[in-house]
Amino acid sequence: MKIVIIGAGEIGYDLASVLSKEKHDVTVLDRDPKCLDKVSNNLDVLTHEGNATSAKDLVDTGVKDADILIAVTSIDEVNMIASMMSKRLGAEKVIARVRSDELSRPNAPLKPTDLGIDVVIHPELSAAHEIVRLIKRASANDLVTLADGKMQMIGLRIGKQSPLVGKTLHQYAQEYPHITFRVVAISRKGLTIIPSGKVSIQALDHVFILAKTETIPEVIETTGKPDIRIDRVMIAGGTPIGAMIARILCQEDKKWNIKLIEPDFDTAQELAKEFKDILVLNGNPTDPDLLATEGITDTDAFISVTDDEESNIISCLMAKHLEVTKTVALVSKSDYIPLSQTIGLDAAINKKSAASNEIHRHVRGGRVISVTALQGIKAEVIELQAAPKSKVTKKPIHKINFPEGCVIGGILSNGTTRIATGESQIQAQDRVIIFCLYEAIEKVTSLFQ
């Protein structure tokens, strides 16, 4: 496909990198020559220096013939104008990153399609939902919901005292025959391992396990980690993400005990007016005295989502030092994510990655139901639907020539989920969950078409 990406920032660069590896014809437009130099020096894509709101520059970039246009600059207005112009110039499908929720509100006076936007990506909302999921499953460092919520994949750090240390995956499965699960990947010292049954689990491994949602608590217990209940939450930062997290929690049936700390007085006042059941505090979330005074030692979860990622990391480290059960930091640099757990944080969220995951799903389209890139590991979780007469429907899994670097995790068939084995037979319209290294994605996807 011919894809035009407007914006060569982190999201634009990440998308260009992945899509070029999948052999798409990618062109990146940006007005900053330094950003474009980074793209052209590292990726096999075309670049064009120009203004995203200029019809001439858009035409010169090739939007008239684009199958997909993706507007992901840091400015909402630029993305909306570029989307509207590109649609009128002939772009077939337009995806735009819009931070404001104005277009997605139920009674919004304008719909995205009025501006030529087929798909709106809201990074802050995606990140907020991801953080809430992690808080609900306190023992997990990563959590991906799949198959319409019927299955989940959790990422867990194996402690030195875990009963699994030294055991092979085959032994692990044999010890718990009453639980159906599959270890789909291991991250070890920066390396991504797609494991076989003979691979042994080591201390400090980051293990990714796929299981039915209702059995996840049992799976967590097998690793030596109790599935802890979270009731008291402290949010550092009344940013849009902080407010969204509070809003999501307040809308649930469960009664959460929430405190929100915001350094700006006016913002704190506005939040206090909106959230009647939340204690909103005006102060510095990195101030240890304030945290101690407000009872951080009695808090179950500490979430730091200020606009300063260094402050987020430092405040979470302080919270962890004070024995808070779960800490989650918002970081903007994806390079910080693999380091975060090494230095003691439970989880780090990158809103740009959340946006990239959503965009990838719409770009791939076709038989792809969902795509999720995992933090700190060079692989993706893909949910694919088997087309009638596709290669995967003709024989059992162990007889299909799947490329190296992928493992079939689970199958959703007629509303019923099951963990895949070598003898499993995929039927037409079944949804299959696959853990896959980047270089194997294109080959795997072709088997389902």
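In what follows, residues are counted from 1 in the order of the sequence shown. Please read these numbers as outputs of a predicted model, since none were measured by experiment.
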Distance, nearest 0.5 Å, that separates [atom1] of [X] from [atom2] of [Y]:
{"X": "I235", "Y": "I261", "atom1": "CD1", "atom2": "CD1", "value": "10.0 Å"}
{"X": "N257", "Y": "I230", "atom1": "CG", "atom2": "CD1", "value": "12.0 Å"}
{"X": "D44", "Y": "L19", "atom1": "CG", "atom2": "CG", "value": "12.5 Å"}
{"X": "I70", "Y": "L29", "atom1": "CD1", "atom2": "CG", "value": "13.0 Å"}
{"X": "S200", "Y": "L169", "atom1": "OG", "atom2": "CG", "value": "8.0 Å"}
{"X": "H122", "Y": "H129", "atom1": "NE2", "atom2": "NE2", "value": "9.5 Å"}

message = I'd like to check the ring-ring contact (aromatic ring centres under 6.0 Å, His included) partners of F181; sequence neighbours left out, ordered by chain and number.
response = Y172

Under a 3.5 Å distance rule, please check whether [X] uses its side chain to pair with a backbone N or O of [Y] as donor and acceptor.
{"X": "R182", "Y": "A420", "value": "yes"}
{"X": "S162", "Y": "G159", "value": "no"}
{"X": "T61", "Y": "D57", "value": "yes"}
{"X": "T239", "Y": "G242", "value": "yes"}
{"X": "K320", "Y": "T325", "value": "yes"}
{"X": "T222", "Y": "V219", "value": "yes"}
{"X": "K212", "Y": "I216", "value": "no"}
{"X": "N312", "Y": "L330", "value": "yes"}
{"X": "D114", "Y": "K111", "value": "yes"}
{"X": "N282", "Y": "A268", "value": "no"}

Does the side chain of [X] reach to within under 4.5 Å of the side chain of [Y], using non-hydrogen atoms?
{"X": "V444", "Y": "I382", "result": "no"}
{"X": "Y13", "Y": "L43", "result": "yes"}
{"X": "F275", "Y": "I258", "result": "no"}
{"X": "K93", "Y": "V119", "result": "yes"}
{"X": "I158", "Y": "Q202", "result": "no"}
{"X": "T223", "Y": "V207", "result": "no"}
{"X": "V165", "Y": "K160", "result": "no"}
{"X": "T168", "Y": "K198", "result": "no"}

Considering all heavy atoms of both residues, which atom of [X] and which atom of [Y] are nearest to each other, and what is their separation?
{"X": "L412", "Y": "A147", "value": "CD2-CB, 3.9 Å"}
{"X": "G7", "Y": "V28", "value": "O-CG1, 4.2 Å"}
{"X": "A8", "Y": "V39", "value": "CB-CG2, 4.0 Å"}
{"X": "G237", "Y": "E262", "value": "C-OE1, 3.8 Å"}
{"X": "K150", "Y": "G415", "value": "CE-O, 3.2 Å"}
{"X": "G166", "Y": "Q171", "value": "O-OE1, 4.4 Å"}

Residues, nucleotides or ligands: over 12 heavy atoms within 6.0 Å of [X] [atom1]:
{"X": "E323", "atom1": "CD", "result": "no"}
{"X": "D231", "atom1": "CG", "result": "yes"}
{"X": "E214", "atom1": "CD", "result": "yes"}
{"X": "K254", "atom1": "NZ", "result": "yes"}

request  = Go through the steps for D346 and R157 under the test salt bridge (Lys or Arg N to Asp or Glu O under 4.0 Å), then give the verdict.
outcome  = CA-CA 9 Å; D346 292 312; R157 179 74 66 178; over 6 Å; no

ask   = Who are the salt bridge (Lys or Arg N to Asp or Glu O under 4.0 Å) partners of K259, not counting sequence neighbours?
value =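 If we apply the salt bridge (Lys or Arg N to Asp or Glu O under 4.0 Å) test to K259, skipping adjacent residues, there are no hits.
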
request  = Quick one: list whatever passes salt bridge (Lys or Arg N to Asp or Glu O under 4.0 Å) with E124, sequence neighbours left out.
outcome  = R99, K351

query = Does D300 have any side-chain hydrogen bond (donor to acceptor under 3.5 Å, both in side chains) partners at least two apart in sequence or in another chain, and if so, which?
reply = R232

request  = For K273, enumerate each residue passing the side-chain hydrogen bond (donor to acceptor under 3.5 Å, both in side chains) test, keeping only those at least two apart in sequence or located in another chain.
outcome  =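 If we apply the side-chain hydrogen bond (donor to acceptor under 3.5 Å, both in side chains) test to K273, skipping adjacent residues, there are no hits.
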
request  = Show your reasoning for whether side-chain contact (heavy atoms from CB on, under 4.5 Å) applies to E218 and H178.
outcome  = CA-CA 10 Å; E218 289 182 86; H178 62 289; 3.9 Å; yes

query = Could you go step by step and tell me if M244 and R247 meet the side-chain contact (heavy atoms from CB on, under 4.5 Å) rule?
reply = CA-CA 5 Å; M244 286 173 190; R247 214 168 280 129; 4.0 Å; yes

query = Is the closest side-chain donor-acceptor distance between S304 and S315 under 3.5 Å?
reply =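 Judged by distance alone, the side chains do pair up.
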
key: S54 and N51 side chains, donor-acceptor separation under 3.5 Å   =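 No donor-acceptor contact under 3.5 Å links the two side chains.
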
query = Applying the side-chain contact (heavy atoms from CB on, under 4.5 Å) test to M151, which of T145, T215, I419 qualifies?
reply = I419

inquiry  = Please list all pairs meeting salt bridge (Lys or Arg N to Asp or Glu O under 4.0 Å) that have one or both residues in residues 162-180, counting only residues at least two apart or in different chains.
reply    =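 Matches after skipping sequence neighbours: K167-E175.
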
task = Run the numbers on V4 and H48 for side-chain contact (heavy atoms from CB on, under 4.5 Å), then give the verdict.
result = CA-CA 10 Å; V4 174; H48 188 90; over 6 Å; no

query = So K136 and E252, side-chain contact (heavy atoms from CB on, under 4.5 Å) or not? Walk me through it.
reply = CA-CA 12 Å; K136 289 180 179 178; E252 296 190 345; 2.5 Å; yes

